[in-house]
Chemist: 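Okay, handing you the structure first.
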2 protein chains.
Amino acid sequence: MSKIDYIKTSEIFKALSNPIRLQMVDFLLDDECCVTDVVNELGISQSASSQHLSILKNSGIVYPEKHGTRTCYKVNNKLTKEIINLLKKINND
Amino acid sequence: MSKIDYIKTSEIFKALSNPIRLQMVDFLLDDECCVTDVVNELGISQSASSQHLSILKNSGIVYPEKHGTRTCYKVNNKLTKEIINLLKKINND
DNA sequence: TTTATATATTATAACATCATAATATTATAA
DNA sequence: TTATAATATTATGATGTTATAATATATAAA
């Protein structure tokens, strides 16, 4: 029927199925950011921020770069980038 | 930062975050189908099929049309259609 | 080397999801 | 009007997710 990998793709969607993580990805696309930046931007706890970033990392959406004591996260995934672009174009219904 | 509605959009992704539902949407895009067709195509139980279709319906991705004893489901949501098209184009990483 | 900063991990409890099984509803046919 | 087919709903138990709190690790500065 289709060449879509349903399992792999649904894992991407699962990672994006939380409003905080969706906002994180959108924020990380604009600016490369460390965890503290994300905490300040989104107004969530440090622990929650690290855990959500970890989920995004494990699904391959984001990757970390260490700089001293800071960790900067960048969006990695082509599909995710294109989906976010789509979201910005479409006024969802 | 962006005009994305994170809550609403994350609900769409949540509905698509299950491989069975993702396959359902892909199938329903090709053919308008009743529940039995979905059951046969995906090889899942009738109950599971109805429940997954119900989740897709509640998230606004799909809508039902009753014909006698049958219910035909069609994909409704512009964002979802465009995402599926995107998936078919991209060899996900 | 102690201290402070940045981040990660673990534990916990409330809550949601999933597949399966059982039952209910609804519409048509006999 | 009873029987059948198609679909929906409910119940249950296992598993996963979430936010929060507490603790751990790692780097750099003093």
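Fair warning: this is a prediction, and the values are worked out from it, not measured in the lab. Order of the sequence lines fixes the chain letters, A, B, ..., with proteins taken first and strands second; residue numbering starts at 1 for each chain.
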Chemist: Starting at CG of A:L53 and ending at C1' of C:dT9, how long is that distance when rounded to a whole Å?
Modeler: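 Taking CG of A:L53 and C1' of C:dT9, I get 14 Å after rounding.
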Chemist: What's B:S47 touching, base or sugar-phosphate or nothing? Going by heavy atoms closer than 4.0 Å.
Modeler: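 If one applies the 4.0 Å heavy-atom cut-off, B:S47 turns out to touch a base.
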Chemist: Verify the contact: side-chain N or O of A:Y73 to OP1 or OP2 of C:dA8, cut-off strictly under 4.0 Å; return yes or no.
Modeler: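 It does, given that an N or O in the side chain of A:Y73 lies less than 4.0 Å from OP1 or OP2 of C:dA8.
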Chemist: What nucleotide among C:dT7, C:dT10, C:dA21 has an atom nearest to a side-chain atom of A:Q51?
Modeler: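 Nearest nucleotide to the side chain: C:dT10.
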Chemist: May I have the distance from A:I44 (atom CD1) to D:dT17 (atom P), rounded to whole angstrom?
Modeler: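 After rounding, the reported distance stands at 17 Å.
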Chemist: Rounding to an integer number of Å, can you tell me how far A:N58 CG sits from C:dT9 C1'?
Modeler: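 So the two atoms are 13 Å apart, to the nearest Å.
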Chemist: I need the NZ-C1' distance between A:K57 and C:dA8, as an integer number of Å.
Modeler: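 Spelled out: NZ on A:K57 to C1' on C:dA8 is 9 Å.
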Chemist: Checking all strands, does A:K14 fall into the base, sugar-phosphate, or nothing category for heavy-atom contacts under 4.0 angstrom?
Modeler: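 A:K14: backbone/sugar contact only, no base atoms under 4.0 Å.
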Chemist: Any side-chain heavy atom of B:I4 sitting closer than 4.5 Å to one from A:I84?
Modeler: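 Contact flag for B:I4/A:I84 side chains = yes.
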Chemist: Could you let me know what C:dT2 is paired to, Watson-Crick or G-U wobble, both distances under 3.5 Å, or none if it's on its own?
Modeler: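 Looking at the geometry, C:dT2 pairs with D:dA29.
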Chemist: What is the minimum heavy-atom distance between B:F13 and A:L22, and which atoms define it?
Modeler: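 Scanning both residues, the minimum pair turns out to be CE1-CD1, 3.7 Å.
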Chemist: Looking at every strand, decide which applies to B:T36 at a 4.0 Å heavy-atom threshold: base, sugar-phosphate, or nothing.
Modeler: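 It contacts sugar-phosphate atoms only.
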Chemist: So A:Q23 and B:S10, do their side chains get closer than 4.5 Å, heavy atoms only?
Modeler: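 With C-beta onward as the side chain, the pair stays apart.
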Chemist: Which pair of non-hydrogen atoms, one from A:R21 and one from A:H52, has the smallest distance, and what is that distance?
Modeler: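 Smallest interatomic distance, heavy atoms only, reads NH1-ND1, 3.0 Å.
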Chemist: Show the nearest heavy-atom pair for residues B:L42 and B:I20, with the distance to one decimal.
Modeler: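 The answer is CD1-O, 3.7 Å.
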Chemist: Would you mind telling me which residue lines up with the more 5' stretch of DNA chain C, B:Q46 or A:A48, judged by nearest nucleotide?
Modeler: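 Nearest nucleotide further toward 5': that of A:A48.
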Chemist: Which residue lies toward the 5' end of DNA chain D, A:G68 or A:R21, if each is placed at its nearest nucleotide?
Modeler: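 First, find each residue's nearest nucleotide; the 5'-ward one identifies A:R21.
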Chemist: Under a 3.5 Å limit for both distances, which nucleotide forms a Watson-Crick or G-U wobble pair with C:dA30, could you say?
Modeler: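 WC or wobble partner is D:dT1.
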Chemist: Rounded to whole Å, please give me the gap between CD1 in A:I55 and C1' in C:dT9.
Modeler: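 Going from CD1 in A:I55 over to C1' in C:dT9 covers 13 Å.
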Chemist: Under 4.0 Å: is that the gap between some side-chain N or O of A:T69 and OP1 or OP2 of C:dA6?
Modeler: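 No, outside the criterion.
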Chemist: Separation of B:N40 atom CG from D:dA5 atom P, in whole Å?
Modeler: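 Between P of D:dA5 and CG of B:N40: 15 Å.
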Chemist: Take atom CD of B:E11 and atom P of C:dA16, then tell me their distance rounded to the nearest Å.
Modeler: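 Going from CD in B:E11 over to P in C:dA16 covers 13 Å.
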Chemist: Find which nucleotide of DNA chain D each of B:D37 and A:N18 is nearest to by heavy atoms, and output the residue with the more 5' nucleotide.
Modeler: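 By nearest-heavy-atom nucleotide position, the 5'-most residue is B:D37.
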Chemist: Figure out the CD1/P separation between B:I20 and C:dT17, and round it to whole Å.
Modeler: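 Taking CD1 of B:I20 and P of C:dT17, I get 15 Å after rounding.
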Chemist: Just checking B:H52: base, sugar-phosphate only, or nothing, at a heavy-atom cut-off of under 4.0 Å?
Modeler: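 It contacts sugar-phosphate atoms only.
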